[in-house]
8 protein chains.
Amino acid sequence: MNLSQLRSILTDLEAGRISVDQALDRFKLLPYEDLGFARVDHHRALRHGFPEVVLGTGKTPDQVAAIVSRLLLDNDNVLITRSGPEIHNKVREVAPEAEFHPQARAITVLRDKTIYGIGSILLITAGTSDIPVAEEAAITARAMGNTVETLYDVGVAGIHRLFSERERLSACRVIIVVAGMEGALPSIVGGLVGVPVIAVPSSVGYGSSFGGLTALLGMLNSCASNVAVVNIDNGFGAGYIASLINRKTS
Amino acid sequence: MNLSQLRSILTDLEAGRISVDQALDRFKLLPYEDLGFARVDHHRALRHGFPEVVLGTGKTPDQVAAIVSRLLLDNDNVLITRSGPEIHNKVREVAPEAEFHPQARAITVLRDKTIYGIGSILLITAGTSDIPVAEEAAITARAMGNTVETLYDVGVAGIHRLFSERERLSACRVIIVVAGMEGALPSIVGGLVGVPVIAVPSSVGYGSSFGGLTALLGMLNSCASNVAVVNIDNGFGAGYIASLINRKTS
Amino acid sequence: MNLSQLRSILTDLEAGRISVDQALDRFKLLPYEDLGFARVDHHRALRHGFPEVVLGTGKTPDQVAAIVSRLLLDNDNVLITRSGPEIHNKVREVAPEAEFHPQARAITVLRDKTIYGIGSILLITAGTSDIPVAEEAAITARAMGNTVETLYDVGVAGIHRLFSERERLSACRVIIVVAGMEGALPSIVGGLVGVPVIAVPSSVGYGSSFGGLTALLGMLNSCASNVAVVNIDNGFGAGYIASLINRKTS
Amino acid sequence: MNLSQLRSILTDLEAGRISVDQALDRFKLLPYEDLGFARVDHHRALRHGFPEVVLGTGKTPDQVAAIVSRLLLDNDNVLITRSGPEIHNKVREVAPEAEFHPQARAITVLRDKTIYGIGSILLITAGTSDIPVAEEAAITARAMGNTVETLYDVGVAGIHRLFSERERLSACRVIIVVAGMEGALPSIVGGLVGVPVIAVPSSVGYGSSFGGLTALLGMLNSCASNVAVVNIDNGFGAGYIASLINRKTS
Amino acid sequence: MNLSQLRSILTDLEAGRISVDQALDRFKLLPYEDLGFARVDHHRALRHGFPEVVLGTGKTPDQVAAIVSRLLLDNDNVLITRSGPEIHNKVREVAPEAEFHPQARAITVLRDKTIYGIGSILLITAGTSDIPVAEEAAITARAMGNTVETLYDVGVAGIHRLFSERERLSACRVIIVVAGMEGALPSIVGGLVGVPVIAVPSSVGYGSSFGGLTALLGMLNSCASNVAVVNIDNGFGAGYIASLINRKTS
Amino acid sequence: MNLSQLRSILTDLEAGRISVDQALDRFKLLPYEDLGFARVDHHRALRHGFPEVVLGTGKTPDQVAAIVSRLLLDNDNVLITRSGPEIHNKVREVAPEAEFHPQARAITVLRDKTIYGIGSILLITAGTSDIPVAEEAAITARAMGNTVETLYDVGVAGIHRLFSERERLSACRVIIVVAGMEGALPSIVGGLVGVPVIAVPSSVGYGSSFGGLTALLGMLNSCASNVAVVNIDNGFGAGYIASLINRKTS
Amino acid sequence: MNLSQLRSILTDLEAGRISVDQALDRFKLLPYEDLGFARVDHHRALRHGFPEVVLGTGKTPDQVAAIVSRLLLDNDNVLITRSGPEIHNKVREVAPEAEFHPQARAITVLRDKTIYGIGSILLITAGTSDIPVAEEAAITARAMGNTVETLYDVGVAGIHRLFSERERLSACRVIIVVAGMEGALPSIVGGLVGVPVIAVPSSVGYGSSFGGLTALLGMLNSCASNVAVVNIDNGFGAGYIASLINRKTS
Amino acid sequence: MNLSQLRSILTDLEAGRISVDQALDRFKLLPYEDLGFARVDHHRALRHGFPEVVLGTGKTPDQVAAIVSRLLLDNDNVLITRSGPEIHNKVREVAPEAEFHPQARAITVLRDKTIYGIGSILLITAGTSDIPVAEEAAITARAMGNTVETLYDVGVAGIHRLFSERERLSACRVIIVVAGMEGALPSIVGGLVGVPVIAVPSSVGYGSSFGGLTALLGMLNSCASNVAVVNIDNGFGAGYIASLINRKTS
């Protein structure tokens with residue numbers, strides 16, 4: 001409840017247009033309603049200036065479609081993460097323009113395609129197995145109004161290949177680096193550029209990679225100072241925070 | 001070695017002003033020199049557009065002073081982290097304007113005090129014991145040309161206090177949150193704002209806080225999507241990346 | 001063996017109604033018998049004043065039905081946890097009033113529906129995926145004679161929603177909070193109320209949530225002092241101890 | 001801000017006694033003030049119905065005395081944890097009745113000694129080394145208006161000794177059990193009684209006790225259903241939540 | 001190669017019955033041969049005085065049968081662990097008296113049924129789910145010539161039941177205790193008796209039981225001094241070492 | 001309370017020599033008394049057939065002396081672990097024959113020097129740094145009436161040295177092996193002999209030895225079946241259980 | 001780009017055969033091209049003097065065949081790891097001489113069968129279950145021009161068997177040891193020989209072997225100084241580095 | 001005992017120069033003697049072809065001097081690790097040429113300074129704090145007859161500096177890389193060269209570097225195939241195995 005809403009209620013009260021009890025009632029009119037299985041917060045979009053995000057995991061296609069249908073009343077763009085073709089089929093019934101991105105396992109409904117970003121967001125992966133995580137970040141960033149570029153499979157072992165793209169690295173506003181195994185790539189990228197680097201450990205690896213833990217620890221201990229880290233395989237979070245960093249501030 | 005330098009060498013060669021061997025020699029003239037105990041990379045400032053940073057830990061006051069003295073030939077600003085009054089005394093001999101910040105355990109030599117930030121950086125701590133880490137972030141951000149605001153000791157148990165500052169939260173460009181114990185504060189702050197949140201786990205706590213590991217894991221698993229994380233007690237890194245996020249892009 | 005039983009044996013001995021050897025034999029008549037696959041302790045209900053609980057996992061439907069049948073000789077209420085429809089079908093043959101609760105994966109036979117609680121027990125979850133664990137707690141608490149209320153899907157990211165229910169929070173006698181990921185919700189709830197909070201980490205999450213470990217550690221390090229913790233996904237335990245806290249002490 | 005305060009502001013506004021802007025200003029008058037180093041929340045006592053608690057660690061004796069002095073304006077009882085004789089000496093200057101409890105490393109100022117508890121709280125330790133943690137719990141519970149009983153050094157190896165006190169166990173309203181090493185005592189106590197058991201892992205042990213982690217894990221996996229757990233060595237938290245469980249309602 | 005064999009070779013050499021090179025060759029005649037997929041050490045039985053043990057996991061029924069067939073040339077008894085009915089069917093073709101023990105997932109060929117034990121070995125489990133591990137220990141101990149007794153499902157929550165069997169506990173020569181979850185039972189048994197207790201953590205449990213790790217750590221930190229521990233679910237190892245402890249030493 | 005004591009009470013009751021209430025009172029005369037700081041259980045020696053053990057850590061010399069003095073009323077032998085010369089000086093005042101063993105940090109009062117063991121106990125260490133742990137085991141075993149032999153510093157790197165002592169290995173009744181670092185020695189010893197091996201991980205090592213954890217895990221996963229494990233640095237426990245294994249059984 | 005290539009470009013420029021821009025273009029002709037899904041670095045073979053390696057996991061048979069087809073333009077030998085018969089079938093279409101090694105799950109195309117090694121590489125495993133990992137190392141070493149010998153199933157429990165092969169151990173240039181469970185075998189082998197030992201922890205084991213972690217830690221803490229370690233189950237890496245150690249240096 | 005020694009004994013026996021018992025006695029004359037506190041194995045040097053190594057930790061200066069004195073009877077070179085000036089002073093009394101290397105905390109007595117290496121060993125560190133570990137490796141490699149080169153402080157953040165030394169990297173026979181924090185440097189070095197890389201994780205770092213564990217895991221998961229790893233801070237081990245790799249094989 002922001003200041004102007006509050007002032008409006010108080011002014012109505014002062015003017016005698018409403019009683020004290022009616023004022024209290026309006027205070028209680030909280031901005032969410034109950035769909036039975038999940039509360040949809042219509043004000044989150046206003047608050048964040050971004051589309052609504054629905055986590056597909058653990059919801060039936062019908063549940064997702066119902067949520068999406070409800071969200072589109074107040075939002076232009078909706079992003080559904082961790083979903084599949086069954087959900088897509090149901091969502092298309094309520095939003096025919098819904099697109100499915102199989103590698104990212106994401107569905108987007110994008111009615112507002114304005115570019116809100118200052119510059120471009122560059123996505124880098126160490127290997128080919130890291131691409132699905134990077135694609136989730138890419139879909140998220142595009143749904144939030146960003147230009148996205150990619151530079152995949154430029155891992156540490158072939159580091160000279162990264163150097164040849166150095167100019168491209170410096171031209172973007174923020175970089176997302178996805179890497180599994182030892183997770184060293186964000187440190188190297190961070191050492192080459194002067195923009196923020198969002199590091200995403202991936203669960204790619206075996207043995208003592210411990211499902212991404214080794215990559216995660218490596219990234220947290222990066223000797224490059226411009227690296228911040230999100231959870232293992234959290235492409236969505238990386239795309240989200242990179243979009244915030246890249247966002248024009250009026 | 002950038003393109004224009006390369007072109008200049010090649011042009012000299014083409015023009016016959018230098019021989020092939022001289023061209024090769026100039027390729028080898030790499031931009032660093034050896035002080036004996038640590039290589040000082042003069043080009044890092046150019047590359048990053050930021051002051052040089054010296055880690056005080058494990059170096060003698062004389063070594064730090066020698067490095068600082070050398071760095072000031074090419075840099076306006078120098079930041080020395082994890083240092084103490086002994087180092088400060090020696091550094092003052094080569095840079096009389098050097099300031100010591102006891103809580104942050106940092107020394108700054110700031111000759112360029114231009115503001116390079118778009119907006120302000122807000123520093124929040126959960127408790128009073130988290131303040132030293134936050135102060136290291138604050139000193140770093142100020143040395144990099146930012147306006148810094150602070151909001152200390154507004155932890156989860158007294159969460160209603162955070163709400164009263166909500167407008168202040170929304171007015172800044174990036175927020176740094178330092179918290180120990182369960183590390184929940186960044187999630188809550190993240191849920192309240194639409195700007196990037198850099199979370200710093202602190203080693204404050206006991207028992208199963210495991211020296212900050214619990215806070216670190218909590219922050220990585222934040223259900224707020226605008227949170228990225230740096231290493232335990234890494235105030236410097238948080239200040240550094242927040243400065244990059246806040247930096248004007250011409 | 002309680003004091004009155006002991007006194008009765010001794011009195012019989014003193015009165016010459018039994019011999020020393022007969023007294024010793026009666027000492028050995030221990031209060032349990034053997035069903036072959038599991039010992040059923042008929043005295044546990046007397047000791048605890050609560051229904052018998054059967055763990056469904058690792059038992060065949062026939063075994064569960066046999067145990068339930070035996071327990072109902074001496075108990076009014078029986079709760080079967082971690083079970084499914086096959087077990088329910090068999091149990092209904094020996095107890096037609098047996099009810100199956102699919103979300104909680106629990107079966108209840110409730111012949112005594114007296115309310116034994118002082119006040120109500122409030123169940124809160126951070127997300128929709130935490131609901132099955134909460135439902136196990138709810139079923140347990142109801143089987144133990146409590147009034148149960150629920151407030152689901154009010155996680156940290158949308159914390160303002162929790163505030164609007166603050167009066168409801170304060171009106172209950174004990175609160176159970178189920179949360180996965182960073183597990184911060186119990187801390188926030190704990191900071192808002194003055195009643196005991198039982199925190200249940202759920203295994204909801206991915207990557208460095210480590211199957212609920214991160215939530216568990218977060219809850220143990222809560223900066224709210226009124227939070228105690230049970231095992232990951234242990235809805236039953238939370239419902240049980242909350243019932244004990246809420247129990248009238250004549 | 002509770003409903004009656006809100007209604008009072010609105011009534012003043014409706015009655016024309018204050019303007020809309022004055023109403024907004026009163027909304028902003030938040031119930032805390034700043035002592036410079038730590039915010040003291042005067043309303044917490046009202047909210048919780050309990051004395052204020054000050055963590056001694058990391059504060060100077062003068063800082064603690066200043067906080068205590070301020071708190072005593074609005075509170076009858078103050079508890080200072082993790083403190084020592086130096087702090088005690090300073091606190092006595094502002095509160096002559098302050099008492100120091102060396103084993104618990106706690107200071108209490110108790111002006112209200114009313115008993116608020118339903119029954120008594122029983123404190124059990126496995127060994128003599130666990131007593132300081134138990135004493136912190138005892139001091140906390142007493143400061144919160146409870147009758148406290150103790151049963152120290154009745155560990156698992158000599159379990160027959162616990163049995164002889166079984167009647168005493170059953171007579172209390174809530175039990176706190178402190179144990180290090182394998183942490184099995186809460187399970188055993190839990191199996192003997194029908195009241196809530198708060199388990200406190202202590203850092204007593206060596207080798208693979210890992211500073212209390214083994215005891216903590218053991219307690220979380222207790223096969224007794226009436227056991228909930230707090231952080232390692234967290235005597236204060238155990239005393240606090242036990243007091244809430246034991247508190248008279250209405 | 002033992003002393004008498006060595007002396008025999010040397011005596012032959014001294015007597016001129018063999019040459020130096022023949023002596024060297026006999027030294028090299030090492031007591032094993034190669035079946036292609038696994039080396040069978042015929043001398044292990046002599047060395048240990050016990051039957052041969054074959055690990056079924058990762059071998060085809062034909063491979064196991066071939067190994068068993070070869071072993072029975074020099075051994076009376078063979079034990080096959082971690083096996084199933086398919087292996088049993090094949091083994092019966094080479095050893096018709098082979099018995100399959102489904103709960104223990106073990107096969108035994110016992111031609112020598114002499115009792116080699118001093119007293120009896122008692123097997124205790126905390127719950128019914130621990131029985132398969134205990135049965136593997138029982139089968140092993142019987143195959144090694146021991147009298148085995150069992151006392152299943154006497155866990156910590158119902159500790160009074162254990163007390164009624166105290167005389168039986170004291171009458172055996174060594175006790176094996178299998179327990180999952182918090183793993184407290186060996187400590188309690190250890191406190192009641194004066195014989196060695198072999199503790200076997202089982203992987204029974206969920207959440208923070210971490211597949212038996214919690215039980216393992218609990219057992220290693222037992223405050224009873226007569227407890228030694230083997231690997232998680234290692235019923236075979238427990239039965240083996242208990243048999244060695246119980247072995248008559250002529 | 002054993003059967004004969006019980007029968008004696010019952011017989012007195014039957015004979016009219018005592019009343020029912022007197023019988024109940026005698027039941028309550030539990031066999032321990034309170035010294036204020038620690039309960040001394042006089043019956044433990046009877047129960048275990050072994051001397052009393054006092055843990056020196058965390059007790060003042062005066063407290064230890066008082067406990068020892070009390071114990072010697074009913075026991076011949078007392079062992080004080082984890083102690084030093086200050087405790088020794090005080091204990092000598094109540095027991096002049098008390099001996100201090102500096103390497104083992106143990107004090108013994110041995111009035112009964114009967115040999116109760118079947119054979120000898122052999123102590124093996126991998127390195128010289130493991131000797132203090134082995135000596136604690138040796139002192140314990142001697143205090144419990146065993147003949148002890150030692151074979152120190154025969155680690156894995158020089159494994160051929162172990163082979164030359166093979167006959168000595170086979171001649172003992174039970175072997176204790178202390179090793180740090182990778183903890184492989186118990187596996188090797190176990191493979192050479194047919195007697196029980198008690199493995200003691202020591203905290204000797206650095207880096208990823210993690211204070212003995214690596215040795216502990218290695219020993220638990222030994223491929224020799226005759227190895228059981230005790231806690232890190234737990235020489236006392238190893239000596240205790242080895243003594244039980246070696247004990248004559250009437 | 002090596003010195004001679006650079007000199008050649010510069011000489012062409014100096015001679016006026018190319019312009020500055022043409023020189024820059026040739027600098028940019030980086031030695032890799034894009035197949036769409038993975039970048040193939042043709043220069044890696046030159047740089048390393050070894051065949052190209054393709055990781056089969058996560059690639060379709062068609063993708064692998066396309067990569068192999070491209071690689072064979074510039075390379076004699078190709079090794080495909082972690083693959084199966086489906087990949088083999090497709091690869092045979094582009095390289096009929098491709099061989100599949102089922103135990104190692106590897107495919108090799110070997111057109112150059114020159115021996116590049118100084119001596120032989122010896123492969124040792126502790127058990128039969130470790131053989132697949134060892135075979136991957138063997139295939140790798142053979143593809144890199146080495147003579148490979150094997151000594152399988154000579155684990156710690158039967159250590160005397162290892163001794164009989166001691167001369168064979170000493171005759172090779174480098175040894176690879178694969179072991180699971182406690183991972184002690186590399187220490188023992190290391191103590192017997194004076195050549196480098198590459199230790200490979202395998203995921204063979206159960207319970208507290210933690211998927212190879214225990215073996216890994218054991219090997220890292222080896223008391224033999226000639227042991228270095230690679231990742232769990234990393235047979236390929238062990239074969240690769242052993243080949244480098246064994247490589248003739250002109 | 002090697003073959004020629006054995007043949008010599010047997011030949012003496014065959015020739016009647018010794019009896020069977022004398023032959024057995026000579027077999028028993030094992031090649032070590034007892035100094036009381038540590039067994040010195042004179043044959044280790046013969047076996048390994050390298051100097052004797054004494055671990056200084058946990059030994060008194062007098063003990064070290066006695067061991068060194070004894071070793072120099074049969075060895076030319078002795079290396080004492082983890083020692084200090086006190087030990088050096090004592091060792092100089094028995095070996096005046098003993099040199100102390102303070103950074104490496106090592107003492108060397110080098111009477112044989114022959115170069116046994118094929119090429120040179122290159123030592124690289126990521127930072128200045130890693131130098132002590134690298135120096136221990138350097139001292140070890142020099143004591144084993146190698147030419148050693150160093151390239152210190154070329155960490156990941158300044159990776160372009162490493163590239164300028166690429167020719168030097170390729171010219172050596174084996175590389176040792178010491179790095180703390182994220183431990184990424186060995187991967188990068190490994191990707192640049194075709195020689196074996198021995199990676200040494202250092203305990204340099206803070207927070208989630210966990211005393212070198214993060215660097216260790218990163219190195220084990222290196223995507224460069226020519227990297228093998230030793231224990232945290234194990235400079236000695238790295239120098240030792242690198243020397244074996246570099247050793248001429250006649």
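Lettering of chains follows the sequences in order, A, B, ..., and the numbering in each one begins at 1. These numbers were taken from a predicted model, which means no experiment stands behind them.
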Q: Step by step, work out the side chain to side chain contact (heavy atoms under 4.5 Å, CB included) result for E:Cys223 and D:Glu182.
A: CA-CA 7 Å; E:Cys223 46; D:Glu182 85 270 62; 3.4 Å; yes
Q: Walk me through it: do E:Asn221 and D:Tyr206 pass the test side chain to side chain contact (heavy atoms under 4.5 Å, CB included)?
A: CA-CA 8 Å; E:Asn221 287 277; D:Tyr206 64 94; over 6 Å; no
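Applying the salt bridge (charged side-chain N to carboxylate O under 4.0 Å, His left out) test to D:Arg82 and every residue at least two apart in sequence or in another chain returns D:Glu136.
Contact record, E:Leu220 with D:Ser208: CB-OG, 3.7 Å, taken as the closest heavy-atom pair.
Rounding to the nearest 0.5 angstrom, the gap separating the OG atom in D:Ser209 from the CG atom in E:Leu217 is 9.5 Å.
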